[in-house]
Undergrad: 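Right, I'll just put the structure down here and ask away after.
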There are 2 protein chains.
Amino acid sequence: MMKPTVNAKDVAKLAGVSQSSVSRVFFDGAKVTEKTRQKVLAAAKELGYRPNEYARSLITNSSKIIGLVMKGVQNPFYPQVLKQFTTSFKKHGYSVLFVHTNNDEIQSDDIDTLLNYNVAGVIITDASMSMNVAEAFQANRIPLVFFNRKLTSSQFHSVCCNNLNASRKIAEYLAALETGEMVYISGNEDTSTSREREQGFAEVLKQRGIAYKKYTSDFSYNGGYETAQKILSAGKIPSAVFAANDIMALGVMDAFRKQGVQIPEQVKVIGFDNIDMASWPAYELTTWEQPIEKMVDETVNYLLSEISEYTGRARAVEVEGSFVERKTT
Amino acid sequence: MMKPTVNAKDVAKLAGVSQSSVSRVFFDGAKVTEKTRQKVLAAAKELGYRPNEYARSLITNSSKIIGLVMKGVQNPFYPQVLKQFTTSFKKHGYSVLFVHTNNDEIQSDDIDTLLNYNVAGVIITDASMSMNVAEAFQANRIPLVFFNRKLTSSQFHSVCCNNLNASRKIAEYLAALETGEMVYISGNEDTSTSREREQGFAEVLKQRGIAYKKYTSDFSYNGGYETAQKILSAGKIPSAVFAANDIMALGVMDAFRKQGVQIPEQVKVIGFDNIDMASWPAYELTTWEQPIEKMVDETVNYLLSEISEYTGRARAVEVEGSFVERKTT
DNA sequence: CTGAAAGCGCTTACAG
DNA sequence: CTGAAAGCGCTTACAG
C-alpha cells in the first residue's frame, strides 16, 4: 500500500489550471493573478497538497537545510546555541540538520551527509575540521562558518566573542583585587578560544608584574574539578583562578569547597560564557557573558547573504560581551 | 557560475558503463558484478561523485531523515537524549532534523516542515501535540513515537521509563526513613511523566499512612527554587521532598540551603533523571536514573522496524531504571 | 499571466 | 548482470 501522495498535477486538474500555475502559487517570487491563486489554494487545501521538498531541491539544486555540527552538548552553552540557531533559521525558512561528533575532529561520514544533502550552509561549533575538508565545502560553494572557534587560516569565516578583550578585562579586574600568583585553566589547547583567552589574560598580568601558572584541561566539569585538585596538591593556593569556561569553573569551585577552601576569601574564581548555572545560588560565579544572540545573528546573516549570493568572502567577526560580577570575586 | 555537479551519467561515461549500473553500485541491495563495481568506483572517485540525496528521495518517495522535536534544551537531560539519538541513527544511515518548539505544543509550521521533508519517522520528546496533528502523521504512514511522554490515547507509540514503579520505590525508600508529611513537586501538570510519578508516590504513601502535599511547578530550576521558597514560607519543613525531575530538585536544594535548612538532616530531597549535575559534589542528589540508552534503543528499533514495514501498531513501552542513592537522603 | 514542455538526478521494472 | 527508458514532482525558460 502506497502513501497517497497528492501532487501539483492533481491540484491543477481540480483547480482547472495548468501544473505550472500550481507551482507558481507555491513558489515565492513567481507571479500569478489573484484569481488563479485562489482557485489553486482552494484545490490544494481540499486535497491536502504540500509541495515536495525533494523535487524542489532537485530542480533548484539548492536546499533549505543548514548543517549544524556540535560536539560538547554536555556543556550547557551549546544547547543554548542550538536552540537559538534553530529558532532563528526557522524564521527564514531553513531547517537544521543536527550533526553530533564524538571526536574532536568532524568525521568524513558526517561531511558526506552534509554534502549529500547539499546543505545551504554549515556551522561548525566546537568541533574542529581539517583544512582540506573545509575546502571541500568551498569547492562546492557551500558557505561555512566556525562558531566560537577561529582557524589560523584566514580563508574561513568565523564568529567569536572578542576573547582577547574579554580576558584582558578579566585580568585587569583581578589585578585590581589581588597581586599574588594566579592560575589560568585552559580548555583543549588546540582551540582558538582557549588560546586567545589565555593571551589577553597573560598580556595584562605581565604588564602588572603578576605571575600566573597554566594548567591544561578540557572545557569539562570533571576537567575543572581535577585541575583544582592538582592546584591544591601543588601546595600554594593561588590568589585567583580564571577558567576558560564556566563549566570548568564550577568544577573548580566544587573541588575547592570540598577541601574547605573559601571562595572568594582565599581564592577568587572567574569563568567564561555565563551559562544558566553560573547564576545559581550554589555558585554565583563571576564570569564573562558571551552574547549568544548577537553571535547567532551575525552567523545567520552571513550565511543568508552568502546563500543568496555566494562571494566566498571570509573574515573573523568578533562580538563584544560583558563582564558579569557575582560572588566568587 | 554554477556548482560543478557531477552526476551518475558523467561517471557512467568515464567508466564505460550505463547510468543504471552506476546507480546500482551506489544503491544498497542492487546487484552488480565486482568488475563493474570497480570500474564505477574508480570513475566516481576520480570525478568526486556522490549520489544526490534529493533525487533519491524523490524517486523512492522516502527519506533518510528523522524528525526530532524538543522543547526543554535547558534541562540537561534532553541534550543527552539528542546526542544519543543522533549517534544511534547515524549508525543506521539516518540523519536528524532538529526541531525546537518554544511552545508547549508543537506548532503547525513545524509539522509542515516535517511533512514537507517526508521524514522517515518522528520523535516527540517533551513537547506535546494535539491529537489531530498526530493523526496527520498516521495518515501519511509516518511512524511516530512519544519519548518520555505518553498520550492518554493508546493509538500512539511511546517509550518511557517505568515511572509508576520508580516512584513507588522512591516512596518506599522514603517511608522507611521518615514518616512526617512529605512534598511532591510536579512538573507541568499536563505531562504523563509528572502525573505518573505522583501516582506511584501517592499510592505507597497512602498505604503507609503518610501524608503529602503537592506543589505544582514546571520542570525547571527556577520552578524548583521558587517552590522551595513557598514550602518554607508555608511554615513547616516537610520530612522529604520528591521533585519530578532533577533540575527542579537542584533548585529546591539551593533554596533550602540559602535559608540554612540542612539536607538531609532537616529535609530529604530526591529527584528524577540522574543528570550529570546530580552527581556533582555540590549536590550529590539521590535520584532515579532514567536509562537513556535503553530508551533510545527501544525508540530507534521501533522506528526502524516501522520504516521497513509499516504496521501502525502502537504500544506504551516502559523501561526500568534504577535507584541512585547519594547524600540528600 | 498562463500553458506545454524540457529537464533536475536518480531508481527500477523490462528486455536482452 | 546490464542497458534503454520511463517516471518521481517539481521549476523555469519559451511561446502565446
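Below, chain A is the first sequence line, B the second, and so on; all start at residue 1.
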Undergrad: With heavy atoms under 4.0 Å as the rule, sort Ser57(A) into base, sugar-phosphate or nothing.
TA: nothing
Undergrad: Taking only residues two or more places apart in sequence, or in another chain, which ones meet Lys90(A) in a salt bridge (charged side-chain N to carboxylate O under 4.0 Å, His left out)?
TA: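 Salt bridge (charged side-chain N to carboxylate O under 4.0 Å, His left out) list for Lys90(A), sorted by chain: Asp110(B).
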Undergrad: Just jot down the salt bridge (charged side-chain N to carboxylate O under 4.0 Å, His left out) partners of Arg50(B), sequence neighbours excluded, or say none.
TA: Asp112(A)
Undergrad: So, using side chain to side chain contact (heavy atoms under 4.5 Å, CB included) as the criterion, who are the partners of Leu151(A) when residues are at least two apart?
TA: Phe146(A), Phe156(A)
Undergrad: Applying a 4.0 Å non-hydrogen cut-off, can you work out what Arg37(A) is touching in the nucleic acid: base, sugar-phosphate, or nothing?
TA: nothing
Undergrad: Hey, which sits more toward the 5' end of DNA chain C by its nearest nucleotide, Glu53(B) or Arg24(B)?
TA: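 Its nearest nucleotide being more 5', the pick is Glu53(B).
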Undergrad: What pairs of donor and acceptor atoms, side-chain ones from residues 25-35 of chain B against any protein atom, are under 3.5 angstrom apart with sequence neighbours left out?
TA:
{"residue": "Thr33(B)", "atom": "OG1", "partner": "Thr36(B)", "partner atom": "N", "Å": "3.4"}
{"residue": "Thr33(B)", "atom": "OG1", "partner": "Thr36(B)", "partner atom": "OG1", "Å": "2.7"}
{"residue": "Glu34(B)", "atom": "OE2", "partner": "Gln38(B)", "partner atom": "NE2", "Å": "2.5"}

Undergrad: Residues in side chain to side chain contact (heavy atoms under 4.5 Å, CB included) with Asn188(A), at least two apart?
TA: Asp104(A), Asp190(A), Thr191(A), Asp218(A), Phe219(A)
Undergrad: Indicate whether any N or O donor in one side chain lies under 3.5 Å from an N or O acceptor in the other, for Glu306(B) and Thr311(B).
TA: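 Result is yes, a qualifying pair exists.
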Undergrad: For DNA chain C, just give me the dot-bracket, please: Watson-Crick or G-U, both distances below 3.5 Å, ( ) intra-strand, [ ] crossing earlier pairs, | paired with another strand, . unpaired.
TA: |||.||||||||.|||
Undergrad: Can you sort out which residues in residues 8-20 of chain B have a heavy atom within less than 4.0 Å of DNA chain C? Ascending by number, please.
TA: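 Going residue by residue through residues 8-20 of chain B, the ones with a heavy atom under 4.0 Å of DNA chain C turn out to be Ala8(B), Gln19(B), Ser20(B).
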Undergrad: List for me each residue that meets salt bridge (charged side-chain N to carboxylate O under 4.0 Å, His left out) alongside Glu298(A), sequence neighbours excluded, and say none if there are none.
TA: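 Glu298(A): no salt bridge (charged side-chain N to carboxylate O under 4.0 Å, His left out) contacts found.
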Undergrad: Using side-chain hydrogen bond (donor to acceptor under 3.5 Å, both in side chains) as the criterion, list what pairs up with Glu309(B), not counting sequence neighbours.
TA: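 Glu309(B) satisfies side-chain hydrogen bond (donor to acceptor under 3.5 Å, both in side chains) with no other residue.
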Undergrad: Just jot down the salt bridge (charged side-chain N to carboxylate O under 4.0 Å, His left out) partners of Lys39(A), sequence neighbours excluded, or say none.
TA: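 Partners of Lys39(A) by the salt bridge (charged side-chain N to carboxylate O under 4.0 Å, His left out) criterion come out as none, since no residue qualifies.
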Undergrad: For chain A and DNA chain C, what are the first and last nucleotides along the strand, 5' to 3', with at least one atom under 4.0 angstrom from a heavy atom of the protein chain?
TA: dC1(C) to dG9(C)
Undergrad: Can you name the side chain to side chain contact (heavy atoms under 4.5 Å, CB included) partners of Ala316(A), sequence neighbours left out?
TA: Lys150(A), Ser158(A)
Undergrad: Would you classify Ser23(A) as touching base, sugar-phosphate or nothing, given that sugar-phosphate means primed atoms plus P, OP1 and OP2, and contacts are heavy atoms under 4.0 Å?
TA: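 Answer is base: heavy atoms of Ser23(A) come under 4.0 Å of a base.
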